[in-house]
Every structure is written in C-alpha cells, then in structure tokens.
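So the structure is just underneath, and the comments pick up after that.
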2 protein chains.
Amino acid sequence: MTLKPKGETVGSDILQRMREDILGCTLAPGTKLRFEALRTRYDVSFSTLREALARLVAESLVVAHGQRGFAVAPVSLDDLRDLTQARVLLECEVLRLAMERGNDDWEANILASYHRMERSQDRLGQHYYLDAKWSTLHGAFHLALVQACGSPILLEMRAQLYDRANRYRRMSSQFRKKWRPKEIEHKAIMNAVLDRSPEAVTMIGGHIQETTDNVIEFAGHMFTDAAEDSTGIAV
Amino acid sequence: MTLKPKGETVGSDILQRMREDILGCTLAPGTKLRFEALRTRYDVSFSTLREALARLVAESLVVAHGQRGFAVAPVSLDDLRDLTQARVLLECEVLRLAMERGNDDWEANILASYHRMERSQDRLGQHYYLDAKWSTLHGAFHLALVQACGSPILLEMRAQLYDRANRYRRMSSQFRKKWRPKEIEHKAIMNAVLDRSPEAVTMIGGHIQETTDNVIEFAGHMFTDAAEDSTGIAV
DNA sequence: ATAATCAATATTTTCGAAAAAACTAGATTC
DNA sequence: GAATCTAGTTTTTTCGAAAATATTGATTAT
C-alpha cells in the first residue's frame, strides 16, 4: 500500500511515483495510459489517477487527448533540441546569478555534493553512469552549483527542464559506446564556479550542448521528429 | 451549463474558467478554495474540481496545502520581482530568436496585431488599459513579436510567466495615477523588431522592467513579502 | 491563567458506480 | 472494392457518497 507523510495525500504519493516511472522510462514515451492498467499498477481509483495525470500534463510529462485519455509524453529530436536550447538559457542564467549572489555556505555545499558524487563514482566503477543513485547525486551536484541564484521561479523552471532532459539521457545510456570523462569536466566547472569566473557559464552551456550531441549520436535513432508510438504499458 | 468543444472535457472547460478567474482576480490571491463554494460557482463535482486544481497547482496559479485543501496563489513583492527577472530573460531570448528566424508572415502578423491594438485604443479612449478586450489584444501583440522564435518550450514558459505578470498588472490598474504612453513605446519596439535591430531586445527588457517598477509604485502596498491572506471566495 | 484533551462538526480526499463517449466489428449500401 | 451505418463492447469522464482528516469549541488538568 502507499506510504505518505502526515498531512500529505495519497494522490501526491501517486504523482511522485508516476513522475519517477515516466522519467525513468518504466512508463515508456508515447505509452497510452489506460486506467484499468494504472489502477492495477498503483492501486488507487480512477479519480485519484486523473488528478496525478492532470498535474503531469501541466509538467509536460503526459499529454491529454481530450476524451480519449492520456499518454506518456513522446520523445523526439525536435523536443530534445528545443529542451537543450531552453536549458542552456536557464542554466547559464541561474549559474551567473548564483556566482553573483552565492556565499560561503553555497560554496561549501558545492564541494560537498561534488565529493559525494565522486565517492559514488569510485565505488561504482566504470559504468557508474548507469546507476540511479549516481544519477541522483549528479543532479544534486548540478543543483548545488545554482542553488544560490535567488530566484525560486527560475529554479523551478530549471528543475523541470533538467528532469525532462534526464529522461533522454537515461534512454541513451544503454546505447553508449563511449563515455566522456565527466568527472574531469565536472571538476573544471566546479573550480571555475568557485572562482566566480565568467568562463564557468560558457563551460556549463557547452557541457549541456555536448551531452545532447552525444545523446543524439548514440540514441538518436530512438527518437523521431513526431514520435507518437502507443505501445501499451510495460507492466 | 458548461459548453465544451467536441472531444474536449467538461474538466478542461472548468480549468480554463478557473484560470481566467484567478488571472482576472475574481478569485483573489490567497483565497482559500472551498469545495462547496467552488461547486456552487462552477456547477461540477468535487473530483472534477480537484482535477482542474491539480493542473493549476502545476501552473503556479494555485497552491496545495496537503490535506488542508487549495488556495489561490498569493502575490508578493518578491514574487513579482522574481517573475520580472524571469520574464526579462525569457522575453529577450525569444525575441532575439524570432528576429533571427522570422519571415515575412511573422512581420505581417506583428503589424496586424499592432493595428488591432491601436484601433482598440482609439475606440476606448483615455482609459483603454482597463479594458479586458484591449488587454487581450495587447497580449496578442506581444506574442506576435516572438511567435517566430521556433521554440515551443520557451514559448510555453513565456506564456505562463506573461499570464502571471498580467495578474499583477491587472491588480495595479485601478490604482493608476498616471499611465505611460505605451502606444509610443509599443510602436518603437515594433519598428526596432521589424528592423531586426539588437536594440529591440534591450527595449523589451526595459519595457518589462519599467512595467514592474510602475506596478510596485502604484500598487506595491497591496503586496507583502509573504502575503498569505485567506479571505474566502468573492462570490 | 495557559495548555492539553476530547467530542462534535466541517471539510477534504478517495472510492467506485453511473453516465458519457470512443472503439470495434459486422452488416448494408453504393 | 470503399463508404456508411448500427449495435455491442470497452474505455473514459463525471458524479456523489463513504472514508479520512482537519477544525472548532468545550472541558479538564496544571
């Protein structure tokens, strides 16, 4: 059965689970979300499911087809490129602001989150990038870089874009023939940020663009320009 | 009763109506959204209401308080400033992209929407800025400027920020002691855009910032830094 | 006096059934 | 053969009641 913190709703728990299943590709892009199957999967009623789906529609993770139900948002090359463009804009700005406004605690948190990520890499070995825990620490590191930007709105927008991009990255992981030495790149970015160097902004933008270029190189064949496959739920 | 296009849902109609009521301040900022009152107002069941509210939470127009229901998103000086900062970033970027990518049709559409707005102003007289129809045409003009940016994601984010900012503008309208000659400004921006002058980007940024400065000057007293008034629904 | 407890009431959340709409397959028409 | 119609079935949406939770005011304890 579902677990929820006191004062929170079953619905918000389901929302989080569905979000994770979509971002983690357990619910594959384009999948038609049938209520009977969802009810079996999440063990809640249709109305509760609809509420979570409504939220996810607004987050662009699910598309609503009027009276014909819902589907997991598709993936496409166009969307990935657009997403990347938006991310470069947002990430560069929040990083610029953070370097302007960040204090010692911000710096300390960057170092701490880098350390955690690095330690995790050491422990996991060569294919650390396939690990969900590492992915979480990776996300935390990038968030730490920009945490001090002072703009809740930009941070929220950034977070959604980050998650959506992460879905593409995750989908491409299994096809990776070669992996960039990200740890070197992450360290260089961190040092530039801690130095408050304007070069850090250029580096983060390049980091993001290059990730997309690699995703397209290794897994571009999985994405179409109007990918709308409906393949049913992988349950 | 509710009217809905074929294939669409009652729920999506309610969503649109609630969104309009929030953005138009008929549902005042901070208002606790009680289900019995909402049911009377919109004539649909709790579950349908909850679905619309879930969407609006994700759009930052409504806040969810766990098991204690929903409320219209509050307004505050911090939020307005943050919103403005985000808008300047987004608007400048989509305008820059549009000038890069726009074609003749884009230009023609700008001229047409400017003309409609101007004609409306002529007809409405001195206080045109209080008119809802003008506000719609004003929004259409600004959208036309950036329509050719080629980024659905940036356009969607821009649209949400625009609407949220418009709520503040609307709230300040009634307190206006003086109104900037916006028609001159709009025309100057349009001409700079049509010339594809980089100056247009600076102008749009200034236009937005100045609007906020004026909103704060005339109506800043209405906003607090942590405005969380719950005053009930104005029905 | 203030703080804690408790019961009654109000409100919110979730459920599952009814109503509405979409889908499918077979029959009929051109 | 393709297009249209129809009835039955499936799926989705909406409804309203039951279950769960929060709120409120009275009572008791310190």
Side-chain angles (χ1 to χ4, degrees), chain A residues 1-19 27 30-58 61-73 228-235, chain B residues 1-19 27 30-58 61-73 228-235:
Chain A
M1 190 50 84
T2 56
L3 299 171
K4 58 177 181 74
K6 179 170 166 57
E8 262 306 332
T9 63
V10 168
S12 66
D13 180 57
I14 299 300
L15 167 64
Q16 182 61 24
R17 286 171 60 194
M18 284 178 80
R19 189 188 282 122
L27 292 176
T31 302
K32 181 119 175 68
L33 298 167
R34 296 181 179 280
F35 283 95
E36 205 51 67
L38 289 180
R39 196 164 70 102
T40 301
R41 184 187 184 89
Y42 297 106
D43 196 33
V44 289
S45 74
F46 288 6
S47 298
T48 304
L49 289 166
R50 293 187 64 86
E51 218 174 299
L53 289 171
R55 272 291 286 267
L56 294 168
V57 167
L61 296 179
V62 166
V63 287
H65 294 309
Q67 295 269 357
R68 292 175 295 126
F70 300 83
V72 178
E228 305 258 13
D229 284 349
S230 295
T231 56
I233 296 184
V235 287
Chain B
M1 190 52 85
T2 54
L3 299 172
K4 59 175 179 74
K6 180 170 164 59
E8 263 307 331
T9 63
V10 168
S12 66
D13 179 57
I14 298 301
L15 167 64
Q16 182 59 27
R17 286 171 60 194
M18 284 178 81
R19 189 188 282 123
L27 292 177
T31 302
K32 180 115 172 71
L33 298 167
R34 293 180 182 284
F35 283 93
E36 203 53 65
L38 288 180
R39 195 162 72 98
T40 301
R41 183 187 185 89
Y42 297 106
D43 197 33
V44 288
S45 73
F46 287 6
S47 297
T48 304
L49 289 166
R50 291 188 64 86
E51 220 174 298
L53 289 171
R55 274 288 289 265
L56 294 169
V57 168
L61 295 179
V62 166
V63 287
H65 294 310
Q67 295 268 356
R68 292 176 295 128
F70 300 84
V72 178
E228 304 259 12
D229 284 350
S230 294
T231 56
I233 296 184
V235 285

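Numbered from 1 within each chain, the chains take letters A, B, ... in sequence-line order. Because only heavy atoms are used, hydrogens play no part in the values below, and waters and symmetry mates are left out as well, while side chains stay in.
Partners of A:Phe35 by ring-ring contact (aromatic ring centres under 6.0 Å, His included), not counting sequence neighbours, listed by chain and number: A:Phe46. In this structure B:Arg68 satisfies the salt bridge (Lys or Arg N to Asp or Glu O under 4.0 Å) test with no other residue, sequence neighbours excluded.
In this structure, A:Leu33 atom CG and C:dA22 atom C1' are separated by 17 Å, rounded to whole Å. The CZ-P distance, from A:Phe35 to C:dG16, rounds to 15 Å in whole Å. In this entry the distance linking CZ of B:Arg39 with P of C:dA10 reads 16 Å, nearest Å. Here D:dT10 presents its C1' atom at 14 Å from CD of A:Gln67, a figure rounded to the nearest Å. Look at NE2 on A:His65: it is 16 Å from C1' on C:dA21, rounded to the nearest Å. Following rounding to the nearest Å, B:Phe46 (CZ) and D:dA18 (C1') show an atom-to-atom distance of 13 Å. Atom pair B:Phe70:CZ and D:dA22:P shows a separation of 14 Å (rounding to whole Å applied). What separates CZ of B:Arg68 from C1' of C:dT12 is a distance of 12 Å, to the nearest Å.
When each of C:dT14, D:dT14, D:dC15 is scored by its nearest atom to the side-chain atoms of B:Val10, the top-ranked nucleotide is D:dT14. The side chain of B:Ser45 lies closest to D:dC15, out of D:dT11, D:dC15, C:dG16.
Contact check, B:Lys32 against C:dT12: a side-chain N or O comes under 4.0 Å of OP1 or OP2. OP1 and OP2 of C:dT12 both lie 4.0 Å or more from every side-chain N or O belonging to A:Thr9.
Taking 4.5 Å as the limit, some side-chain heavy atom of B:Leu53 sits within range of a side-chain heavy atom of B:Leu38.
Not one N or O on the side chain of A:Glu51 forms a donor-acceptor pair closer than 3.5 Å with the backbone of B:Glu51.
B:Ser47 comes within contact range of at least one nucleobase, with a heavy-atom separation under 4.0 Å.
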